[in-house]
Amino acid sequence: MAKVTIDGIEIEVADGTTILQAARQIGGEIVPPAMCYYSTLKNSGGKCRACLVKVAAGSAKDPRPMPKLVPSCITTVQDGMVVENITNPTVLETRKGVVEFLLLNHPLDCPICDQAGECDLQNFAYNHGVSKTRYEEERRTFEQHDIGDKIKLHMNRCILCYRCTYVADQLTDNRVHGVLNRGDHAEISTYIEKAIDNEFSGNMIDVCPVGALTDKTFRFKQRVWFTKPLDAHRDCPKCSGKVVLWTKGNDVLRVTARKDQYNEVKEFICNECRYDHKDMNDWVIEGPRHIERGSVISQNHYEKIDLVKLKADVERQLKFQEGKRLNEANNTPA
Amino acid sequence: MGRKLLLKDINVPGIKSFEVYRKMGGYASVEKALKTMTPDSVMEEVKKSGLRGRGGAGFPTGMKWSFLDRKSDKPRYLICNADESEPGTFKDRFLMEYLPHALIEGMIVSSFALGANTSYIYMRGEFRWIFPILEKAIEEARAAGFLGNNMLGTDYSLELYVHSGGGAYICGEETAQIESLEGKRGNPRNKPPFPAVVGLYGCPTVVNNVESIATVPHILNMGGDEYAKIGIGKSTGTKLISASGHINKPGVYEIELGLPVEEFIYSDEYCGGIWKGRKMKACVPGGSSVPILPTELMLKTAKGEPRLMSYESLSDGGFATGSMLGSGGFIVFDETACIVRNTWTYARFYHHESCGQCSPCREGTGWMEKVLHRIETGHGKMSDIDLLVDVAKKIEGNTICPLGDAAAWPVAAAVRHFREEFEYHVRYPEKVKDPKHFEKEPFVSEKKAVAA
Ligand SMILES: Cc1cc2nc3c(=O)[nH]c(=O)nc-3n(C[C@H](O)[C@H](O)[C@H](O)COP(=O)(O)O)c2cc1C
Ligand code: SF4
Ligand code: SF4
Ligand code: SF4
Ligand code: FES
């Protein structure tokens with residue numbers, strides 16, 4: 001066991017626990033945000049840098065502070081470690097920077113994005129960002145792709161968390177997609193378009209923290225906050241069969257796996273459950289799904305602030321871009 | 001004349017061949033090590049020599065070797081980092097092309113010290129023409145019994161492979177290199193675990209630079225203590241410097257560490273002074289990743305002491321007034337050079353080479369490049385200058401691998417020492433739209449003119 005102090009709160013956790021997991025055991029505001037780490041996917045984490053924290057004392061044996069901020073999702077605790085998250089101004093400042101970086105090339109087209117309302121990036125930006133971007137350059141853009149007959153890839157929104165590649169590696173027998181190119185031109189791609197085809201591929205949609213991978217059978221059907229989520233299950237020979245039905249009246253609009261309060265799926269589901277049983281009669285309904293903190297739906301943030309604010313942001317941005325283009329056109333000698 | 005070790009025989013005709021190399025005393029260290037020493041005693045000599053990694057970070061080689069997990073029953077690997085892609089650095093290429101056996105000899109004794117039976121030379125993909133040179137050297141060494149099974153009649157066996165990279169700077173980062181060698185995308189790994197414990201194929205691995213490895217035979221031949229007498233303080237031995245830019249004699253030079261920077265730039269033995277009779281403006285002493293320094297700080301430290309070519313002296317004053325020896329890519333700028341343009345060029349490189357795994361580097365490098373381009377082409381604002389500093393600060397230290405730092409440092413240093421020139425770009429957009437503006441009308445610092 002290791003005793004660790006996070007933002008002044010002490011907790012004893014099993015050896016090998018990461019700082020992030022220890023913080024989750026404490027719960028509440030001191031839990032660092034995570035945009036790439038996913039507890040049920042091995043090797044995930046360490047990339048987005050949203051979860052960086054300060055280790056003010058490494059361990060009881062070696063109480064020196066760590067020189068750099070460390071990714072809490074992959075750094076294991078030591079006995080006597082002292083961690084600062086929301087109590088450290090540098091951490092908060094750096095996190096603001098990460099929000100800004102993640103939104104830099106992000107289209108922010110929430111008003112037309114299926115992920116809106118259950119988007120980790122919206123939550124992250126809302127909780128940790130600043131409302132204005134200092135970026136005036138043109139955003140990089142990609143074409144939309146169908147990367148399977150049921151999955152749409154909207155690469156402009158991808159934050160390169162690599163979660164979908166781990167799903168393909170760890171849940172399916174053959175990964176046929178991956179990351180192509182480098183840097184801000186890196187993109188998720190299949191070798192041959194529409195190649196993703198296997199029984200668990202739909203889970204890629206659930207793990208995607210943003211609206212980069214969306215369910216084509218649900219696209220544009222309904223804003224999630226106008227649907228009613230129900231816990232349901234069925235006897236499935238391939239998976240646990242435990243799902244959430246997103247319904248309107250008697251219609252099942254979408255089926256997803258169940259996500260916990262950190263928006264993580266603990267039990268993945270098969271494509272048959274996801275796509276082929278959009279009928280109430282196929283399911284045993286357990287009751288309404290309680291959506292926890294990880295979602296703006298439950299907090300009503302989205303309707304109260306985000307939508308209006310983000311829409312304004314988008315419009316301002318569009319106007320700005322247009323103005324710039326006009327400017328450029330005017331300044332270019334004929 | 002400074003002491004020469006690595007390039008001592010560079011002018012001997014035919015030194016590329018095994019025969020001539022051997023005649024000049026080559027492979028003596030292999031005989032000595034395999035027949036008279038134990039792996040641990042070889043490592044001891046390297047420790048005593050004080051040799052510091054020549055790939056950029058300057059980490060003591062002997063200490064790195066001692067971290068290798070020897071308790072594990074897995075195989076151990078040595079990888080020679082020959083991915084040399086840092087702008088301004090071209091010493092490893094020179095060494096491999098003209099003295100291939102120096103690297104092969106170094107690989108053999110180093111592998112022996114580490115207990116590696118399979119070792120790799122990971123070579124930059126663009127070095128196509130060096131590939132057959134190394135392959136030939138390996139074949140020659142094998143034919144003479146210096147590679148393969150039971151070398152020189154001992155029970156030590158070694159196989160050596162040259163692996164050609166795909167042309168990505170990031171594959172010079174040791175963990176990206178390991179991934180790439182495993183056949184995967186060259187993404188750096190998060191550390192810990194370090195390669196010494198979990199490296200190639202999950203096995204204990206050491207990654208060393210070409211020059212570090214090629215130095216080991218000299219250490220064994222003369223003894224670690226003797227080697228440590230060369231150089232200055234903790235900067236022992238000799239170092240290859242690849243000098244480029246606005247100097248009379250660009251090229252690869254072997255210097256004894258501790259040589260005054262002024263002598264290196266102006267003496268005819270080395271760079272031969274600034275070209276075209278011009279004055280020097282600035283210098284990047286250790287490859288594009290290290291901070292740029294203006295002439296005053298390059299020749300003398302902030303304390304007024306002469307700056308020396310050594311790890312300590314070049315970094316004297318920290319980043320406020322110092323830089324780093326880095327990989328020895330010594331780039332000199334004359335008075336007509338445009339610092340903003342040069343900084344943009346570097347930023348463009350790092351933007352292009354970021355692997356894209358972590359958000360600060362993936363997004364920040366592109367952002368800095370675009371802002372710098374704007375300033376350089378006369379579209380900048382005064383606030384852009386502080387924006388650059390802030391973006392650099394948000395990248396630095398917050399990424400998986402040091403490429404993020406390497407992208408941030410040059411930008412931060414350029415603004416730190418040449419802010420006036422950035423401001424000039426904002427103030428006179430019409431003038432700087434001409435990329436050759438400073439060649440016609442060198443930039444003159446108003447602040448310095450007032451102070452003088
Ligand atoms: C982006 C990046 C590129 C690098 N490229 C090289 C390289 O081309 N050659 C090299 O020897 N080291 C390179 N390094 C440093 C290596 O990671 C590693 O520190 C070095 O090979 C260790 O060798 P040494 O201890 O002998 O210096 C690079 C590091 C980074 C972060
Ligand atoms: S991914 Fe999230 S932040 Fe991006 S457009 Fe969709 S809802 Fe908005
Ligand atoms: S598509 Fe989604 S899950 Fe895949 S890397 Fe991009 S953001 Fe992550
Ligand atoms: S710092 Fe840059 S190059 Fe290094 S891992 Fe992160 S994105 Fe890749
Ligand atoms: S969640 Fe830790 S780095 Fe992304």
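Just so we're on the same page: letters track the sequence lines, and every chain starts at 1.
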NZ (Lys184(B)) with more than 12 external heavy atoms under 6.0 Å: yes

Give a yes or no on whether His163(B) atom NE2 has more than 12 heavy-atom contacts from other residues, nucleotides or ligands under 6.0 Å away. yes

Assess whether a salt bridge exists between Glu136(A) and Lys370(B), defined as any Lys/Arg side-chain N lying under 4.0 Å from an Asp/Glu carboxylate O. no

Heavy-atom pair of closest approach, residues Arg185(B) and Val179(A): NH1-O, 3.1 Å

Where Arg362(B) and Ile159(A) come nearest, the two heavy atoms and their spacing: NH2-O, 3.3 Å

If you count heavy-atom pairs within less than 4.5 Å of chain A, which of [options] leads?
options                                    : result
Val391(B), Thr399(B), Ile395(B), Thr365(B) : Thr399(B)
Cys355(B), Cys358(B), Pro360(B)            : Pro360(B)
Ile170(B), Asn187(B), Asn190(B)            : Asn190(B)
Gly186(B), Ser354(B), Gly397(B)            : Ser354(B)

With a 4.5 angstrom heavy-atom cut-off, which part of [X] approaches chain A: side chain, backbone, both or neither?
X         : result
Glu396(B) : neither
Lys381(B) : side chain
Arg189(B) : neither

Identify which part of [X] has an atom lying under 4.5 Å from any heavy atom of chain B, answering side chain, backbone, both or neither.
X         : answer
Leu52(A)  : side chain
Leu103(A) : neither
Glu93(A)  : both

Among Gly46(A), Ala186(A), Gly97(A), which residue has the highest count of heavy-atom pairs closer than 4.5 Å to chain B? Gly46(A)

With a 4.5 Å heavy-atom cut-off (strictly below), which parts of residues 55-70 of chain A touch chain B? List them by number. Lys68(A), Leu69(A)

Parallel, tilted or perpendicular: ring planes of Phe101(A) versus Trp367(B), cut at 30 and 60 degrees: perpendicular

From Arg49(A), Arg182(A), Lys47(A), residue fulfilling side chain to side chain donor-acceptor pair (under 3.5 Å) relative to Gln357(B): Lys47(A)

So, taking the atom named CG in Asp184(A) and the one named OG in Ser359(B), what distance separates them when rounded to the nearest 0.5 Å? 12.0 Å

